[in-house]
Amino acid sequence: MAYLVTGAAGFIGFHTSQKLLERGEPVIGVDVVNDYYDPALKEARLALLKKYPAFTFHRADIAEREDMEKVASLHPEITRIIHLAAQAGVRYSLINPYAYTHSNIDGQLVMLELARNLKQCDHFVYASSSSVYGSNEKLPFSIEDRVDHPVSLYAATKKAGELMAHCYSHLYQIPSTGLRFFTVYGPWGRPDMAAFLFVKAILEGKPIKVFNHGDMRRDFTFVDDIVEGILAVASGQPSGMAVPAKVYNIGNHRSEPLPRFISVIEESLGLKANIIYEPMQAGDVKETFADIDPLVKDYGFYPKTSIDEGIPKFVTWYREFYKV
Ligand SMILES: NC(=O)c1ccc[n+]([C@@H]2O[C@H](COP(=O)([O-])OP(=O)(O)OC[C@H]3O[C@@H](n4cnc5c(N)ncnc54)[C@H](O)[C@@H]3O)[C@@H](O)[C@H]2O)c1
């Protein structure tokens with residue numbers, strides 16, 4: 001039995017693979033290592049994973065059917081899939097929309113076909129996103145809420161991924177679970193996200209851009225909590241349903257005002273930010289806040305890390321990694 005983890009060189013895929021390996025589980029990692037952000041960071045994550053003898057890596061594109069069929073045929077031991085590879089980022093979907101259909105739609109289909117053709121697929125767990133809630137005003141966001149009005153192509157592809165997974169669960173009885181992640185941050189984090197952008201700019205003495213004039217709130221979730229949730233879900237499977245497909249939110253269940261997030265970063269760095277306030281950006285949403293009750297009820301998951309604990313951990317990693 002082994003886990004196939006896609007996006008293993010990415011932020012969440014790296015942490016997920018590492019935790020599985022620490023637990024003694026074999027991991028087959030797949031990633032195309034694209035240059036959406038600095039590939040050197042992805043290579044540095046991979047270098048750590050490659051130290052574990054139970055880690056096997058394939059540099060492959062999940063949307064390339066034949067390449068993925070080859071990976072599956074080389075590893076008949078795969079019984080569980082944690083599918084995290086995707087074109088992430090809301091803002092970039094306005095610049096390069098085809099990257100999103102390629103990785104998030106074509107890639108999702110190839111991964112579902114792969115799951116369908118495995119001798120045994122105990123669980124197909126995949127990343128969705130809080131962005132599917134669009135500009136919904138009812139808070140906290142619940143999996144019972146309608147999510148038919150995405151405000152970015154990224155969100156539309158993530159919602160499409162949920163529909164495709166539901167369809168495959170219905171047609172082929174593949175147990176599938178989609179996890180809607182809420183703004184994940186932490187060590188080895190993504191350079192296009194707020195925590196990274198803010199810390200980098202403040203350390204370089206550059207201004208930070210804050211959108212909607214700072215009137216934004218986010219449910220910031222520390223990466224260790226996300227990984228704990230992913231692994232709790234991946235080691236079980238949806239049961240007792242005609243169609244074994246489920247979707248959950250994974251968030252911190254705290255919606256933090258952006259100015260407070262920035263103050264915690266300032267405190268942690270011992271430096272003041274030079275803030276430039278800007279209007280709301282197209283595709284962005286004003287507030288996110290996760291209702292995580294279903295995940296607590298079904299899997300006993302509860303996030304532990306506040307931004308007061310999580311941000312200093314990110315800052316420590318950043319300063320050590322970039323030697324600043
Ligand atoms: N980080 C967050 O806050 C957040 C929030 C919501 C949802 N998500 C989702 O979680 C998942 C992981 O996100 P992340 O933050 O680790 O992003 P990431 O960009 O760090 O990781 C994604 C990885 O997938 C790889 N990849 C992209 N397209 C690929 C393809 N066609 N074939 C093979 N590999 C490919 C990239 O090289 C990258 O290493 C994604 O599905 C993302 O949409 C993340």
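Every number for a ligand or one of its atoms is a count from 1 in the order of the listing.
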Going by the atom numbers of ligand 1, which of them fall below 4.0 Å from some non-hydrogen atom of [X]?
X	result
Ser103	28 (N), 29 (C), 30 (C), 31 (N)
Ala127	9 (C), 10 (O), 11 (C), 41 (O)
Val33	37 (O)
Gly7	23 (C), 24 (O)
Thr183	3 (O)
Ala60	32 (N), 33 (C)

[options]: member with heavy atom nearest to [atom]:
atom	options	answer
atom 38 (C) of ligand 1	Leu84, Asp31, Thr6	Asp31
atom 24 (O) of ligand 1	Ala85, Ser128, Gly186, Ala88	Ala85
atom 22 (C) of ligand 1	Ser129, Ala86, Ala9	Ala86

Lys/Arg-Asp/Glu bridge criterion (N-O < 4.0 Å) met for [X], [Y]:
X	Y	value
Arg91	Asp284	yes
Glu204	Lys200	yes
Glu162	Arg180	yes
Asp35	Lys42	no
Asp225	Lys313	no

Quick one: does ligand 1 sit under 4.0 Å from the side chain of [X], the backbone, both or neither, non-hydrogen atoms only?
X	answer
Val32	both
Arg180	neither
Thr221	neither

Only distances under 3.5 Å count here; give the side-chain donor-acceptor pairs of residues 12-24 to other protein atoms, sequence neighbours excluded, each with its distance to 0.1 Å.
from, atom 1, to, atom 2, distance (Å)
His15, NE2, Pro187, O, 2.7
Thr16, OG1, Ile12, O, 2.7
Ser17, OG, Gly13, O, 2.7

Report, as yes or no, whether the 6.0 Å neighbourhood of atom [atom1] on [X] holds more than 12 heavy atoms from other residues, nucleotides or ligands.
X	atom1	answer
His170	NE2	no
Lys70	NZ	no
Lys50	NZ	yes

Please state which protein non-hydrogen atom is closest to [atom] and give its distance, to 0.1 Å?
atom	result
atom 3 (O) of ligand 1	Val184 N, 2.7 Å
atom 21 (O) of ligand 1	Gly10 CA, 3.3 Å
atom 41 (O) of ligand 1	Lys158 NZ, 2.8 Å
atom 16 (O) of ligand 1	Ile12 N, 2.8 Å
atom 32 (N) of ligand 1	Ile62 N, 2.9 Å
atom 1 (N) of ligand 1	Arg190 NH1, 3.3 Å

Is [X] in polar range of ligand 1, meaning some N or O pair under 3.5 Å apart?
X	result
Phe11	yes
Tyr36	no
Phe182	no
Arg45	no

**Prompt:** Can you tell me how far CD of Gln237 sits from CZ of Phe124, rounded to the nearest 0.5 angstrom?
**Reply:**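 One finds 14.5 Å between CZ of Phe124 and CD of Gln237.
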Ignoring hydrogens and geometry beyond distance, is a side-chain donor-acceptor pair present between [X] and [Y] at under 3.5 Å?
X	Y	answer
Tyr168	Glu113	yes
Asp67	His58	no
Tyr92	Asn96	yes

Contact check, [X] vs ligand 1, heavy-atom distance below 4.0 Å:
X	answer
Ser131	no
Tyr37	yes
His83	no
Tyr154	yes

**Item:** Flag side-chain contact, heavy atom, 4.5 Å: Ile62 against His83
**Value:**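 A side-chain contact exists here, since the closest heavy-atom pair is under 4.5 Å.
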**Message:** Is the distance from the ring center of His149 to that of Tyr133 below 6.0 Å?
**Reply:**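 When the ring centroids of His149 and Tyr133 are compared, they turn out to be at least 6.0 Å apart.
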